[in-house]
Amino acid sequence: MRRGLLNKLILGACAGPFMFGILIFVLIFVAGDLLFQAAKLIIEQGVAFSVVTRLFFYRLPEVVVMTIPMSSLLATLLGMSTLNAGSELIALKSLGIPFTRILRPVIVASVLIALGALGFNETIVPFTSIAADRLMKYEIMKNQTAAIQEKVFLRDEQNGKLRRVLYIDELDPNEGLMSGIMMHEFDEEGRLSTTLNARKGMWQDSQWWIEDGRMYSVNHEGEVSLLLRFERQKLALRLSPAQLQRSTRRPRDMSAHELWSYINQAEAVGTDLSKLWVMFHLKLAVPWACLIMAILGAGLGASRRGRSGGGGVGFGISVVIVFAYYVVMSLCRALGESGNIPAVIAGWGPDAVFVVIAFYFAWRVDRI
């Protein structure tokens with residue numbers, strides 16, 4: 001069989017289920033969360049339909065990214081099951097074509113999808129997530145229920161150059177309190193020059209005061225030296241708690257590149273950033289679940305088990321497998337954030353576990 005015809009056969013069988021998976025999983029997430037939230041805002045708070053519609057479309061990209069690994073699994077599971085039921089796979093095997101060759105177009109397509117999901121997650125999703133958060137906070141809620149925010153960032157740029165980065169582990173704008181403060185200042189050439197961290201801060205007399213901290217200097221070679229320790233001093237920040245809340249960003253709203261840049265700057269002073277490192281690795285690892293789920297679905301669909309049942313069975317299997325993946329991911333994330341396992345294992349561990357399972361099912365196809 002010609003290579004182009006084989007690739008067309010395999011991808012043609014998987015393309016339809018992939019689009020169906022995107023549609024059905026998005027509808028499930030939308031119906032279960034976004035539509036309920038929209039209806040609640042319109043009925044209980046009288047929010048204008050046009051505003052709720054904007055919020056809906058701002059939240060949608062994040063939902064789409066979450067459904068891509070699920071759809072990849074469903075696509076190959078149903079696609080290979082269809083080929084198996086129609087004896088196409090048996091015919092290919094009789095021609096001496098191994099399952100590894102059948103997997104080749106699936107892997108190539110999945111890599112392209114994973115790269116697309118990663119790029120989408122690095123560009124579009126942070127932008128729309130920030131827009132949705134600001135719309136919810138300042139147009140819908142009118143900033144009336146400002147709650148405690150965790151892990152927020154503030155970038156201060158002048159004339160296009162980064163001059164200061166502020167990280168706050170916890171910010172309470174209502175009480176004018178913050179804790180876990182780190183601030184990095186940069187020179188005219190964009191190099192890190194000084195950095196400080198403090199245990200807590202408070203807003204008093206229209207000024208931020210920080211307590212129990214240290215200040216460090218960083219030379220051009222990146223060497224860090226302690227300048228001073230302090231019990232209490234002013235923080236060079238003119239923003240009020242309300243202004244600070246409006247200006248800060250959450251790590252989940254940052255791209256992996258932005259998060260990596262900040263973490264490397266903050267690590268110069270030996271700060272524990274386990275939670276942020278775990279988040280960074282997850283931002284990179286989760287999109288590659290598309291590839292892993294596609295291989296796993298192909299192996300399951302091409303096995304003898306894949307012959308029984310229809311689309312409903314395949315959908316149910318996909319939900320169970322994806323649920324198991326997210327359970328493992330949540331467990332690894334908790335262990336990584338608590339420091340019990342390295343952040344890189346916490347982020348990539350679920351992918352490593354499921355890639356072994358995926359290649360096992362792919363390996364056993366030719367031995368059935």
Side-chain angles (χ1 to χ4, degrees), residues 22 25-26 29 33 59-73 110-130 132-133 149-153 167-170 180 182 248-267 271-296 318-319 321-358:
I22 292 288
F25 284 121
V26 166
F29 278 102
D33 183 22
R59 294 292 188 195
L60 199 56
E62 188 174 1
V63 173
V64 172
V65 169
M66 291 177 59
T67 64
I68 293 178
M70 306 178 190
S71 303
S72 299
L73 174 64
S110 299
V111 168
L112 294 177
I113 292 172
L115 290 173
L118 183 61
F120 194 74
N121 212 27
E122 284 290 284
T123 55
I124 305 299
V125 173
F127 173 78
T128 56
S129 181
I130 292 171
D133 183 61
Q149 291 182 263
E150 295 183 347
K151 300 177 181 62
V152 293
F153 292 83
Y167 168 78
I168 303 169
D169 192 52
E170 190 174 276
M182 290 186 292
T248 52
R249 297 177 61 185
R250 299 169 298 176
R252 65 183 297 268
D253 297 330
M254 301 177 71
S255 67
H257 180 265
E258 290 175 322
L259 195 55
W260 179 84
S261 298
Y262 177 78
I263 291 174
N264 277 278
Q265 295 162 3
E267 278 198 329
T271 307
D272 182 15
L273 298 169
S274 299
K275 293 182 179 180
L276 297 182
W277 270 123
V278 171
M279 185 177 298
F280 166 76
H281 286 293
L282 283 174
K283 284 179 178 287
L284 297 179
V286 171
W288 289 105
C290 303
L291 173 61
I292 298 168
M293 293 299 173
I295 297 173
L296 177 56
S318 300
V319 170
I321 292 174
V322 171
F323 177 76
Y325 174 83
Y326 282 108
V327 168
V328 174
M329 184 180 70
S330 299
L331 177 62
C332 290
R333 180 174 184 171
L335 291 173
E337 291 181 348
S338 63
N340 290 311
I341 60 176
V344 65
I345 295 178
W348 293 93
D351 284 8
V353 170
F354 277 82
V355 78
V356 172
I357 298 173

Considering only heavy atoms from C-beta outward, does the side chain of W348 approach that of L284 to under 4.5 Å?
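Yes, side chains in contact.
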Does any part of the side chain of F354, heavy atoms only, come nearer than 4.5 Å to the side chain of I321, both counted from C-beta?
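In contact.
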Residues in side chain to side chain contact (heavy atoms under 4.5 Å, CB included) contact with F120, at least two apart in sequence or another chain
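With sequence neighbours excluded, F120 shows a side chain to side chain contact (heavy atoms under 4.5 Å, CB included) to P61, V65, I124, V125, given in chain and number order.
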Return the set of residues passing side chain to side chain contact (heavy atoms under 4.5 Å, CB included) with S71 (not counting sequence neighbours), or none when no residue passes.
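S71: side chain to side chain contact (heavy atoms under 4.5 Å, CB included) contacts with F18, I22, F25, T67.
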Nearest 0.5 Å, what's the [atom1]-[atom2] distance between [X] and [Y]?
| X | Y | atom1 | atom2 | value |
| --- | --- | --- | --- | --- |
| L291 | L296 | CG | CG | 11.0 Å |
| D351 | L282 | CG | CG | 9.0 Å |
| F280 | S255 | CZ | OG | 9.5 Å |
| L118 | T123 | CG | OG1 | 9.5 Å |

Taking all non-hydrogen atoms of both residues into account, name the closest pair between [X] and [Y] and its distance.
| X | Y | answer |
| --- | --- | --- |
| L73 | M293 | CD1-O, 3.3 Å |
| A294 | S110 | CB-OG, 3.1 Å |
| Y325 | P350 | CE1-CB, 3.8 Å |
| S72 | C290 | CB-O, 3.5 Å |
| S129 | E62 | OG-OE1, 4.4 Å |

E170 side-chain N/O to G180 backbone N/O, donor-acceptor pair under 3.5 Å:
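No.
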Scan the side chains in residues 328-340 for donor-acceptor partners under 3.5 Å anywhere in the protein, sequence neighbours excluded, and list what turns up.
unit_1 : atom_1 : unit_2 : atom_2 : d
S330   : OG     : Y326   : O      : 2.8
R333   : NE     : E337   : OE2    : 3.1
S338   : OG     : A334   : O      : 3.0
S338   : OG     : L335   : O      : 3.0
S338   : OG     : N340   : ND2    : 2.7

Please assess W277 against L259 for the test side-chain contact (heavy atoms from CB on, under 4.5 Å), listing each intermediate value before the final yes or no.
CA-CA 8 Å; W277 270 123; L259 195 55; over 6 Å; no
